[in-house]
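First the structure, in the form of C-alpha coordinates, and then the observations on it.
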Number of protein chains: 2
Amino acid sequence: MADDGLDNYVLDTVDRRIIKELVADGRVSIRALATKANISRAHAYVRIERLQNAGIIEGFTARISHERAGLGASAFVALSIRQDSWRGISEQLRTLPFVDHFSLLGGAFDVLVLVRAPDNAGLRNLVLERLQGLDGVRSTTTWLIFEEANGPGPTWIDEQTT
Amino acid sequence: MADDGLDNYVLDTVDRRIIKELVADGRVSIRALATKANISRAHAYVRIERLQNAGIIEGFTARISHERAGLGASAFVALSIRQDSWRGISEQLRTLPFVDHFSLLGGAFDVLVLVRAPDNAGLRNLVLERLQGLDGVRSTTTWLIFEEANGPGPTWIDEQTT
DNA sequence: TTTGAAAAATAATGACC
DNA sequence: GGTCATTATTTTTCAAA
(Lines give C-alpha, C1' and ligand atoms only; values in the text may rest on other atoms or scores of the structure.)
Protein backbone atom coordinates (compact mmCIF):
# COMPACT_ATOMS: atom_id res chain seq x y z
CA MET A 1 0.00 0.00 0.00
CA ALA A 2 1.32 3.42 -0.93
CA ASP A 3 1.82 5.91 1.84
CA ASP A 4 -1.16 8.13 1.29
CA GLY A 5 -0.67 9.85 4.57
CA LEU A 6 -3.56 8.02 6.15
CA ASP A 7 -1.66 5.12 7.62
CA ASN A 8 1.27 5.00 9.95
CA TYR A 9 0.73 8.60 10.85
CA VAL A 10 2.97 9.38 13.80
CA LEU A 11 1.60 11.92 16.25
CA ASP A 12 3.80 14.84 17.17
CA THR A 13 3.55 17.06 20.21
CA VAL A 14 1.04 19.40 18.60
CA ASP A 15 -1.22 16.54 17.61
CA ARG A 16 -1.13 15.18 21.12
CA ARG A 17 -2.03 18.48 22.70
CA ILE A 18 -4.94 18.87 20.31
CA ILE A 19 -6.21 15.37 21.00
CA LYS A 20 -5.90 15.91 24.71
CA GLU A 21 -7.99 19.05 24.60
CA LEU A 22 -10.59 17.60 22.27
CA VAL A 23 -10.99 14.51 24.40
CA ALA A 24 -11.40 16.67 27.49
CA ASP A 25 -13.87 18.99 25.78
CA GLY A 26 -15.20 17.98 22.40
CA ARG A 27 -17.01 21.26 21.91
CA VAL A 28 -14.13 23.57 22.72
CA SER A 29 -13.86 26.46 20.26
CA ILE A 30 -11.00 26.46 17.79
CA ARG A 31 -9.89 29.71 19.36
CA ALA A 32 -9.58 28.25 22.84
CA LEU A 33 -8.08 25.06 21.48
CA ALA A 34 -5.39 26.94 19.59
CA THR A 35 -4.56 28.95 22.67
CA LYS A 36 -4.33 25.93 24.93
CA ALA A 37 -2.24 24.04 22.41
CA ASN A 38 -0.01 27.06 21.81
CA ILE A 39 -0.60 27.17 18.09
CA SER A 40 -2.30 29.53 15.66
CA ARG A 41 -5.92 29.13 14.70
CA ALA A 42 -4.99 28.42 11.11
CA HIS A 43 -2.66 25.72 12.28
CA ALA A 44 -5.32 24.23 14.49
CA TYR A 45 -7.68 23.92 11.53
CA VAL A 46 -5.03 22.20 9.47
CA ARG A 47 -4.09 19.75 12.18
CA ILE A 48 -7.62 18.80 13.12
CA GLU A 49 -8.49 18.17 9.52
CA ARG A 50 -5.40 16.06 9.10
CA LEU A 51 -6.17 14.05 12.22
CA GLN A 52 -9.67 13.41 10.94
CA ASN A 53 -8.49 12.45 7.48
CA ALA A 54 -5.99 10.06 9.04
CA GLY A 55 -8.80 8.43 10.98
CA ILE A 56 -7.23 9.24 14.32
CA ILE A 57 -10.11 11.48 15.28
CA GLU A 58 -13.13 9.43 14.31
CA GLY A 59 -15.70 11.99 15.31
CA PHE A 60 -17.22 13.85 18.21
CA THR A 61 -19.91 12.76 20.58
CA ALA A 62 -21.78 13.58 23.76
CA ARG A 63 -20.95 11.51 26.81
CA ILE A 64 -24.25 10.25 28.18
CA SER A 65 -24.82 8.87 31.67
CA HIS A 66 -26.30 5.46 30.96
CA GLU A 67 -27.96 5.29 34.30
CA ARG A 68 -29.50 8.74 34.26
CA ALA A 69 -30.60 8.27 30.69
CA GLY A 70 -32.62 5.23 31.62
CA LEU A 71 -30.22 2.34 31.12
CA GLY A 72 -29.78 1.27 34.70
CA ALA A 73 -28.81 -2.36 34.17
CA SER A 74 -25.50 -3.26 32.57
CA ALA A 75 -23.70 -6.56 32.15
CA PHE A 76 -20.92 -8.32 30.34
CA VAL A 77 -22.08 -11.34 28.42
CA ALA A 78 -19.52 -13.86 27.22
CA LEU A 79 -20.55 -15.80 24.14
CA SER A 80 -19.11 -19.12 23.16
CA ILE A 81 -19.51 -19.36 19.41
CA ARG A 82 -18.99 -21.75 16.50
CA GLN A 83 -15.63 -21.39 14.83
CA ASP A 84 -16.87 -19.83 11.60
CA SER A 85 -19.62 -17.65 12.98
CA TRP A 86 -17.77 -14.54 14.12
CA ARG A 87 -18.49 -12.49 11.03
CA GLY A 88 -22.19 -13.11 11.07
CA ILE A 89 -22.47 -12.57 14.80
CA SER A 90 -20.50 -9.37 14.54
CA GLU A 91 -22.85 -8.01 11.90
CA GLN A 92 -25.86 -8.77 14.04
CA LEU A 93 -24.38 -7.33 17.22
CA ARG A 94 -23.74 -4.06 15.42
CA THR A 95 -27.46 -3.50 15.07
CA LEU A 96 -28.79 -5.18 18.20
CA PRO A 97 -30.39 -2.61 20.51
CA PHE A 98 -28.78 -2.21 23.94
CA VAL A 99 -25.47 -3.63 22.74
CA ASP A 100 -22.83 -1.10 23.73
CA HIS A 101 -19.59 -2.75 22.70
CA PHE A 102 -18.28 -6.20 21.82
CA SER A 103 -14.94 -7.90 21.26
CA LEU A 104 -13.53 -11.03 19.72
CA LEU A 105 -11.20 -12.51 22.30
CA GLY A 106 -8.41 -15.00 22.52
CA GLY A 107 -8.56 -17.48 25.35
CA ALA A 108 -11.34 -19.35 27.02
CA PHE A 109 -14.22 -17.20 25.82
CA ASP A 110 -14.89 -16.18 22.28
CA VAL A 111 -16.88 -12.99 22.36
CA LEU A 112 -17.43 -10.51 25.16
CA VAL A 113 -20.43 -8.23 24.84
CA LEU A 114 -21.16 -5.18 26.97
CA VAL A 115 -24.89 -4.63 27.13
CA ARG A 116 -26.93 -1.91 28.79
CA ALA A 117 -30.67 -2.25 29.32
CA PRO A 118 -33.32 -0.24 31.17
CA ASP A 119 -33.63 -2.80 33.96
CA ASN A 120 -32.84 -6.38 34.90
CA ALA A 121 -35.93 -7.62 33.11
CA GLY A 122 -34.77 -5.99 29.91
CA LEU A 123 -31.33 -7.42 30.45
CA ARG A 124 -32.71 -10.88 30.97
CA ASN A 125 -34.82 -10.63 27.84
CA LEU A 126 -31.87 -9.36 25.83
CA VAL A 127 -29.64 -12.21 26.90
CA LEU A 128 -32.16 -15.03 26.75
CA GLU A 129 -34.09 -13.96 23.68
CA ARG A 130 -31.63 -12.07 21.52
CA LEU A 131 -28.06 -13.08 22.31
CA GLN A 132 -28.67 -16.77 22.87
CA GLY A 133 -30.75 -16.80 19.71
CA LEU A 134 -27.98 -15.50 17.46
CA ASP A 135 -26.90 -17.97 14.83
CA GLY A 136 -23.63 -19.57 15.87
CA VAL A 137 -23.92 -18.87 19.61
CA ARG A 138 -23.41 -22.03 21.63
CA SER A 139 -23.68 -20.73 25.17
CA THR A 140 -23.60 -17.53 27.19
CA THR A 141 -22.34 -16.46 30.59
CA THR A 142 -23.53 -13.22 32.17
CA TRP A 143 -21.82 -11.03 34.77
CA LEU A 144 -23.84 -8.15 36.12
CA ILE A 145 -22.01 -4.87 36.51
CA PHE A 146 -22.43 -3.46 39.99
CA GLU A 147 -20.27 -0.41 39.57
CA GLU A 148 -18.01 0.97 36.89
CA ALA A 149 -15.69 3.82 36.06
CA ASN A 150 -13.24 5.01 33.47
CA GLY A 151 -9.50 5.16 33.57
CA PRO A 152 -7.49 8.36 33.44
CA GLY A 153 -8.01 9.08 29.76
CA PRO A 154 -5.15 9.82 27.41
CA THR A 155 -2.43 10.37 29.98
CA TRP A 156 -0.12 8.26 27.81
CA ILE A 157 -0.23 11.09 25.32
CA ASP A 158 2.19 13.12 27.42
CA GLU A 159 4.63 10.29 27.82
CA GLN A 160 5.64 9.89 24.22
CA THR A 161 8.47 11.61 22.43
CA THR A 162 8.76 12.97 18.92
CA MET B 1 -33.87 13.70 49.17
CA ALA B 2 -35.85 16.65 47.87
CA ASP B 3 -36.67 16.72 44.20
CA ASP B 4 -34.18 19.26 43.00
CA GLY B 5 -34.82 18.38 39.40
CA LEU B 6 -31.53 16.58 39.10
CA ASP B 7 -32.69 13.10 39.90
CA ASN B 8 -35.35 10.93 38.36
CA TYR B 9 -35.48 13.19 35.37
CA VAL B 10 -37.64 11.52 32.75
CA LEU B 11 -36.64 12.16 29.17
CA ASP B 12 -39.32 13.37 26.80
CA THR B 13 -39.32 13.22 23.02
CA VAL B 14 -37.43 16.48 22.64
CA ASP B 15 -34.70 15.37 25.04
CA ARG B 16 -34.29 12.15 23.14
CA ARG B 17 -33.97 13.85 19.80
CA ILE B 18 -31.35 16.20 21.21
CA ILE B 19 -29.36 13.37 22.74
CA LYS B 20 -29.53 11.40 19.54
CA GLU B 21 -28.11 14.27 17.52
CA LEU B 22 -25.43 15.14 20.05
CA VAL B 23 -24.29 11.55 20.28
CA ALA B 24 -24.11 11.35 16.51
CA ASP B 25 -22.28 14.66 16.22
CA GLY B 26 -21.01 16.26 19.38
CA ARG B 27 -19.93 19.41 17.59
CA VAL B 28 -23.15 20.07 15.72
CA SER B 29 -24.17 23.72 15.89
CA ILE B 30 -27.12 24.67 18.04
CA ARG B 31 -28.76 25.97 14.89
CA ALA B 32 -28.56 22.64 13.09
CA LEU B 33 -29.48 20.76 16.23
CA ALA B 34 -32.60 22.85 16.77
CA THR B 35 -33.65 22.31 13.17
CA LYS B 36 -33.14 18.57 13.30
CA ALA B 37 -34.97 18.31 16.61
CA ASN B 38 -37.79 20.54 15.40
CA ILE B 39 -37.41 23.06 18.17
CA SER B 40 -36.36 26.68 18.44
CA ARG B 41 -32.78 27.61 19.15
CA ALA B 42 -33.71 29.19 22.45
CA HIS B 43 -35.44 25.99 23.40
CA ALA B 44 -32.43 23.95 22.40
CA TYR B 45 -30.22 25.99 24.72
CA VAL B 46 -32.62 25.49 27.59
CA ARG B 47 -32.88 21.74 27.06
CA ILE B 48 -29.18 21.14 26.66
CA GLU B 49 -28.45 23.07 29.82
CA ARG B 50 -31.09 21.12 31.68
CA LEU B 51 -29.73 17.81 30.42
CA GLN B 52 -26.27 18.81 31.57
CA ASN B 53 -27.46 19.98 34.97
CA ALA B 54 -29.32 16.72 35.41
CA GLY B 55 -26.13 14.83 34.70
CA ILE B 56 -27.60 13.06 31.70
CA ILE B 57 -25.17 14.74 29.34
CA GLU B 58 -21.87 14.38 31.16
CA GLY B 59 -19.81 16.22 28.60
CA PHE B 60 -18.49 16.13 25.07
CA THR B 61 -15.48 14.37 23.70
CA ALA B 62 -13.59 13.39 20.58
CA ARG B 63 -13.78 9.77 19.55
CA ILE B 64 -10.21 8.62 19.03
CA SER B 65 -9.13 5.53 17.13
CA HIS B 66 -7.06 3.67 19.71
CA GLU B 67 -5.15 1.79 17.08
CA ARG B 68 -4.34 4.74 14.87
CA ALA B 69 -3.42 6.84 17.88
CA GLY B 70 -0.79 4.34 18.89
CA LEU B 71 -2.61 1.99 21.25
CA GLY B 72 -2.57 -1.14 19.14
CA ALA B 73 -2.82 -3.76 21.89
CA SER B 74 -6.00 -4.11 23.93
CA ALA B 75 -7.13 -6.70 26.42
CA PHE B 76 -9.62 -7.47 29.11
CA VAL B 77 -8.03 -8.33 32.42
CA ALA B 78 -10.10 -10.00 35.10
CA LEU B 79 -8.93 -9.34 38.63
CA SER B 80 -9.75 -11.56 41.55
CA ILE B 81 -9.59 -9.33 44.61
CA ARG B 82 -9.83 -9.43 48.39
CA GLN B 83 -13.31 -8.79 49.72
CA ASP B 84 -12.63 -5.38 51.17
CA SER B 85 -10.27 -4.03 48.56
CA TRP B 86 -12.61 -2.73 45.85
CA ARG B 87 -12.56 0.88 46.95
CA GLY B 88 -8.82 1.13 47.04
CA ILE B 89 -8.36 -0.73 43.78
CA SER B 90 -10.95 1.47 42.13
CA GLU B 91 -9.11 4.61 43.17
CA GLN B 92 -5.89 3.31 41.76
CA LEU B 93 -7.39 2.13 38.49
CA ARG B 94 -8.80 5.61 37.92
CA THR B 95 -5.30 6.99 37.57
CA LEU B 96 -3.43 4.03 36.09
CA PRO B 97 -2.22 4.85 32.59
CA PHE B 98 -3.63 2.72 29.77
CA VAL B 99 -6.66 1.72 31.82
CA ASP B 100 -9.67 2.50 29.66
CA HIS B 101 -12.58 1.24 31.73
CA PHE B 102 -13.23 -1.11 34.64
CA SER B 103 -16.19 -2.69 36.37
CA LEU B 104 -17.06 -4.39 39.62
CA LEU B 105 -18.85 -7.58 38.67
CA GLY B 106 -21.08 -10.16 40.24
CA GLY B 107 -20.22 -13.78 39.57
CA ALA B 108 -17.00 -15.68 39.24
CA PHE B 109 -14.71 -12.71 38.61
CA ASP B 110 -14.54 -9.60 40.70
CA VAL B 111 -13.20 -6.83 38.53
CA LEU B 112 -12.97 -6.60 34.77
CA VAL B 113 -10.51 -4.07 33.38
CA LEU B 114 -10.25 -2.94 29.78
CA VAL B 115 -6.70 -1.87 29.04
CA ARG B 116 -5.14 -0.44 25.90
CA ALA B 117 -1.38 -0.28 25.46
CA PRO B 118 0.94 0.61 22.59
CA ASP B 119 1.95 -3.00 21.99
CA ASN B 120 1.97 -6.45 23.51
CA ALA B 121 5.11 -5.67 25.46
CA GLY B 122 3.42 -2.67 27.04
CA LEU B 123 0.39 -4.77 27.75
CA ARG B 124 2.46 -7.44 29.38
CA ASN B 125 4.25 -4.89 31.51
CA LEU B 126 0.98 -3.27 32.51
CA VAL B 127 -0.56 -6.55 33.61
CA LEU B 128 2.45 -8.08 35.27
CA GLU B 129 3.91 -4.98 36.89
CA ARG B 130 0.97 -2.70 37.57
CA LEU B 131 -2.26 -4.65 37.84
CA GLN B 132 -0.89 -7.68 39.65
CA GLY B 133 0.91 -5.33 41.99
CA LEU B 134 -2.22 -3.50 43.13
CA ASP B 135 -2.96 -3.95 46.78
CA GLY B 136 -5.75 -6.46 47.19
CA VAL B 137 -5.35 -8.19 43.83
CA ARG B 138 -5.07 -11.94 44.24
CA SER B 139 -4.82 -13.09 40.65
CA THR B 140 -5.40 -11.94 37.10
CA THR B 141 -6.58 -13.50 33.88
CA THR B 142 -5.97 -11.79 30.56
CA TRP B 143 -7.89 -12.07 27.28
CA LEU B 144 -6.40 -10.35 24.29
CA ILE B 145 -8.82 -8.46 22.08
CA PHE B 146 -8.44 -9.48 18.46
CA GLU B 147 -11.19 -7.34 17.05
CA GLU B 148 -13.87 -5.09 18.45
CA ALA B 149 -16.76 -2.88 17.49
CA ASN B 150 -19.58 -0.85 18.94
CA GLY B 151 -23.26 -1.56 19.03
CA PRO B 152 -25.87 0.56 17.29
CA GLY B 153 -25.76 3.49 19.68
CA PRO B 154 -28.87 4.95 21.27
CA THR B 155 -31.47 3.22 19.12
CA TRP B 156 -33.45 2.54 22.28
CA ILE B 157 -34.06 6.24 22.46
CA ASP B 158 -36.68 6.03 19.73
CA GLU B 159 -38.48 3.14 21.32
CA GLN B 160 -39.64 4.84 24.46
CA THR B 161 -42.89 6.67 25.04
CA THR B 162 -43.67 9.79 27.00
C1' DT C 1 3.57 28.19 10.45
C1' DT C 2 2.13 32.62 11.92
C1' DT C 3 -0.51 36.81 11.74
C1' DG C 4 -4.12 40.06 10.51
C1' DA C 5 -8.15 41.20 8.19
C1' DA C 6 -12.80 40.59 6.87
C1' DA C 7 -17.23 38.26 5.71
C1' DA C 8 -20.34 34.85 7.15
C1' DA C 9 -22.22 32.07 10.56
C1' DT C 10 -23.26 31.04 15.19
C1' DA C 11 -23.85 31.78 20.18
C1' DA C 12 -26.19 33.60 23.80
C1' DT C 13 -29.50 36.59 25.91
C1' DG C 14 -33.61 39.04 26.61
C1' DA C 15 -38.27 40.76 25.42
C1' DC C 16 -42.58 39.19 24.28
C1' DC C 17 -46.15 35.74 22.66
C1' DG D 1 -42.46 26.24 25.05
C1' DG D 2 -41.91 29.23 20.86
C1' DT D 3 -40.52 33.46 18.02
C1' DC D 4 -38.00 37.46 17.10
C1' DA D 5 -34.47 40.75 17.54
C1' DT D 6 -29.95 42.08 18.98
C1' DT D 7 -25.22 42.01 20.23
C1' DA D 8 -21.08 39.55 21.10
C1' DT D 9 -18.11 35.82 19.48
C1' DT D 10 -16.50 32.49 16.64
C1' DT D 11 -15.73 30.28 12.39
C1' DT D 12 -13.63 30.07 8.16
C1' DT D 13 -11.07 31.67 4.40
C1' DC D 14 -7.47 34.29 2.35
C1' DA D 15 -3.52 37.10 1.62
C1' DA D 16 1.00 38.30 3.21
C1' DA D 17 5.13 37.51 5.47
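Below, chains carry the letters A, B, ... as their sequence lines are ordered, and counting in each starts from 1. In this text the structure is predicted, and so the values were computed from the model without any measurement.
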**Report entry** Candidate nucleotides C:dT13, D:dT13, D:dG1, ranked by approach to the side chain of B:Tyr45 - the nearest
**Finding:**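 Nearest listed nucleotide: C:dT13.
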Query raised in the report: A:Arg31 has a side chain; which of C:dT3, D:dT11, C:dA11 sits nearest to it?
Result: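 That would be D:dT11.
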Query raised in the report: Around B:Arg130, counting heavy atoms of other residues, nucleotides and ligands shown, do more than 12 lie under 6.0 Å from its CZ?
Result: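 Atom CZ in B:Arg130 is not crowded, with 12 or fewer foreign heavy atoms closer than 6.0 Å.
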Query - Residue-phosphate contact under 4.0 Å: A:Arg41 side-chain N/O, C:dT1 OP1/OP2 - result: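 For A:Arg41, the contact criterion (side-chain N or O under 4.0 Å from OP1 or OP2 of C:dT1) is not met.
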Measure from [atom1] on [X] to [atom2] on [N] and round the result to the nearest Å.
X       : N      : atom1 : atom2 : answer
A:Ile30 : D:dT13 : CD1   : P     : 11 Å
A:Ile48 : C:dT1  : CD1   : P     : 14 Å
A:Arg47 : C:dT2  : CZ    : C1'   : 13 Å
A:Asn38 : C:dT1  : CG    : C1'   : 14 Å
A:Asp25 : D:dT10 : CG    : P     : 13 Å

Report task. Starting from the 5' end of DNA chain D, give me the residue, A:Ala42 or A:Ser29, whose nearest nucleotide shows up first. Result ->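 So the residue in question is A:Ser29.
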Query - Salt-bridge contact B:Glu67-B:Arg116 (side-chain N to carboxylate O under 4.0 Å) - result: no
Report task. Before giving the answer on salt bridge (Lys or Arg N to Asp or Glu O under 4.0 Å), spell out for A:Asp12 and A:Arg17 the whole-Å C-alpha distance, their side-chain angles and the decisive distance to 0.1 Å. Result -> CA-CA 9 Å; A:Asp12 69 7; A:Arg17 286 201 284 249; over 6 Å; no
Query - Residue whose closest nucleotide on DNA chain C lies nearer the 5' end, A:Ile39 versus A:Arg27 - result: A:Ile39
Query raised in the report: Which is it for A:Arg82 and A:Asp84 under the salt bridge (Lys or Arg N to Asp or Glu O under 4.0 Å) test, yes or no, and what are the steps along the way?
Result: CA-CA 6 Å; A:Arg82 276 208 322 266; A:Asp84 60 346; 3.6 Å; yes
